[in-house]
Amino acid sequence: MKPKVHLAHLPTPVEALPRLSAHLGGLELLVKRDDLTGLAFGGNKTRKLEYLVAKARESGAQTLITTGAVQSNHCRQTAAAAARTGFQCILVLSGSIPDERSGNLLLDHLLGAEVMWSDQENREKTLQEVFNQAQVAGRNPFLIPYGGSSPTGAIAYAYAMQELLNQDVEPDWIVFASSSGGTQAGMLVGARLFGYTGRILGISVDQPAAVLKARIKELAQQTAVYMGEKMTFSDAEILVNDDYLGAGYGVLGRAELESIRLFARLEGLLLDPVYTGRAAAGLIGLARSGFFKDDQKVLFWHTGGTPALFADLYRRELAGD
Ligand SMILES: *Cc1c(COP(=O)(O)O)cnc(C)c1O
């Protein structure tokens, strides 16, 4: 086992979704509640941060630096992890500075992170500059990549697969939101290591499938090496669906609104506008098109993100009926 700090409430529950299953006809739908990992509203990044923060600690760092979009769940969870473990935190956020702080951005400030801004194209460059400045200033920075998706972060989802199997849940399909690829890469490695034989389907929230698949393939291989294993993954094993990109990253459309309302009204379960709303739109679309066989068990892995429900950006759409 790699060193980790304790941040998450694990194992997260697995629950049945009987009313949504009935609504979609025939399928057995389950949900794994990684929205309940517990750290400042939780989400999938909390699992990754258990390993990333341990590594930062080992290397003698004092400051965590990472990057994301204005409503980044990863940045919010990093800010919370830093507060909890006694690190300083600098976030490089891309986009225009909003007039008011809401949703995840409000929480970033509440959690004491220093927020720097960059336009989207220069984000990696700004991140590097901020890192260099922190180093010169003697703040011993530790760089956490976008989405926490390094092998160090991704191993968390290999162990999450083990956790799922230990809960005696073996679905035919696992469906979830995939973006920087760390979650899916980790799941693939965990499936191989711990003997999950069902299928793992990422619904892309921002990248064309070919781009995301290539990223996942490389990261899964590196993650396996980091765990002392040698694995290769064929293209056929890496399942990514990019039919639900809508108008692009972070744009809340009709499909996401419908899935958010269905989950809320049939199950009392809250999704988010950017990631899980889109992944659930994919799940629902695929179910309606007959993609899953009638008696198959489908697990929706809820990856969190719910604070974005309270972002000003989405208020108008979400407030309607
Ligand atoms: C980051 C994030 C994802 C995507 O996870 P990756 O490991 O980046 O692919 C999915 N859902 C939510 C809510 C997220 O914040």
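Whatever order the structure lists ligands and atoms in, that order sets their numbers, starting from 1. If you read the sequence from its start, that first residue is 1, and numbering goes on from there.
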Ring pair (Phe, Tyr, Trp, His ring centres under 6.0 Å) test vs F300 passes for just one of Y275, W173, F263, namely F263
Who's touching ligand 1 if we go heavy atoms under 4.0 Å? N44, K45, K48, N73, S149, A177, S178, S179, S180, G181, G182, T183, Y275, T303, G304, G305
Identify whether the distance between the nearest side-chain nitrogen and carboxylate oxygen of K32 and E163 falls below 4.0 Å. yes
Residues at least two apart in sequence or cross-chain that pass ring pair (Phe, Tyr, Trp, His ring centres under 6.0 Å) with Y244, listed by chain then number, are none
Checking R47, H302, Q167 against T12 for side chain to side chain donor-acceptor pair (under 3.5 Å), the one that qualifies is R47
If I compare all heavy atoms of G68 with all of C75, which pair ends up nearest, and what's the gap? N-SG, 3.6 Å
Identify which one of Q88, Q62, Q133 satisfies the side chain to side chain donor-acceptor pair (under 3.5 Å) criterion when paired with R139. Q88
